[in-house]
Amino acid sequence: MEHNFKKKFGQNFLSDSNLLQAIVKDADICKADNVLEIGPGAGALTKYLSENAKKVVAYEIDNELETTLNNLKLENTKFIFTDALKEDINKIESNFNGEKYKLVANLPYYITTPLLFKFLEEAKYVTSLTIMVQKEVAERIVAKAGTKDYGVLTVMVSFFGDAKITRIVGRQMFYPQPNVDSAVVNITMNKKYQEIDRAKFYNFVKVCFSMRRKTLLNNLSSGLKLNKEELTKKLSNFDLTKRAESLNLQELIELYKHIF
Ligand code: SAM
């Protein structure tokens, strides 16, 4: 295939069939599944998804890949050439007519976080996300409280689902080769905290971690514009001299519930 690889679209393609099949396995795709793929590229992963799933819908931003992808003639697969980040979530989900689906993507690094949050926060029918991301981002997603990698990303992903790294993928597996290694992360959505306002909790977590070296008391009082004495009094059951990074999700939720 003749293709002019575009750095601006994060085009680093895979071709190793063992790896591609392993990703489909990591995503736990079977014949009953609908799959949404973001960024099919030349369709290397799409072929295996199509073989194993009931239906695949794939969003690709690069129009120049249209002929290559359509020439694959994958019967249960629909390609849509537009920016998946800008596409309304209801429109994306309407491809599956109200049925559940699994998201699978070898993502360009620069859209990892916005795309992840788009689906975690807005999607109604997604049951799992299996995404190839930069190894360092994967480590932040699954980090344990108290470690340097633990932060807003970790807390928010665990608020929505259960995340695990399923494999590390070396940079040499991609063409052109990027400067960093990657990892596949699988996030199974859960509905544990549906009673909590997502946007409000996200904002609270950002405030807690706003200055990592500062105590919760400092970050909460400046971020929420609350008086320190009143906060200490109101939250007398909590040790506000701690830093946010030492609190796990459950503890952050407890704190959130006491404030709001
Ligand atoms: N899935 C292919 C593979 O594994 O070989 C390609 C992966 S490549 C890392 C990422 C793909 O995402 C590229 O084809 C790129 O053009 C596409 N892409 C980048 N930004 C996108 C966006 N906002 N919406 C849809 N596709 C996008």
Please state whether the rings of [X] and [Y] are parallel, tilted or perpendicular, taking 30° and 60° as the class boundaries.
X	Y	answer
H258	F238	perpendicular
F13	H3	parallel
F159	F201	parallel
F81	F79	tilted

Between [X] and [Y], does any side-chain donor sit less than 3.5 Å from a side-chain acceptor?
X	Y	value
Q11	D62	yes
Q250	Y193	yes
T166	N186	no
N71	T68	no
N95	K78	yes
N52	K25	no
D239	T241	yes
Y150	S246	no

Salt-bridged, [X] to [Y], with N to O below 4.0 Å?
X	Y	answer
R140	D149	no
E93	K124	no
K55	E99	no

Using 0.5 Å steps for rounding, measure from the [atom1] atom of [X] to the [atom2] atom of [Y].
X	Y	atom1	atom2	answer
Y256	L249	OH	CG	12.5 Å
K234	L226	NZ	CG	7.0 Å
N34	K54	CG	NZ	4.5 Å

As a test of understanding, state which of I29, L45, V169, N18 forms a side-chain contact (heavy atoms from CB on, under 4.5 Å) with I23.
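When I29, L45, V169, N18 are each tested with I23, the side-chain contact (heavy atoms from CB on, under 4.5 Å) holds only for L45.
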Show your reasoning for whether ring pair (Phe, Tyr, Trp, His ring centres under 6.0 Å) applies to Y125 and F96.
CA-CA 9 Å; Y125 297 101; F96 301 112; 9.3 Å; no
Of all residues at least two apart in sequence or in a different chain, which pass the salt bridge (charged side-chain N to carboxylate O under 4.0 Å, His left out) check with D181?
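Salt bridge (charged side-chain N to carboxylate O under 4.0 Å, His left out) check on D181 returns R171.
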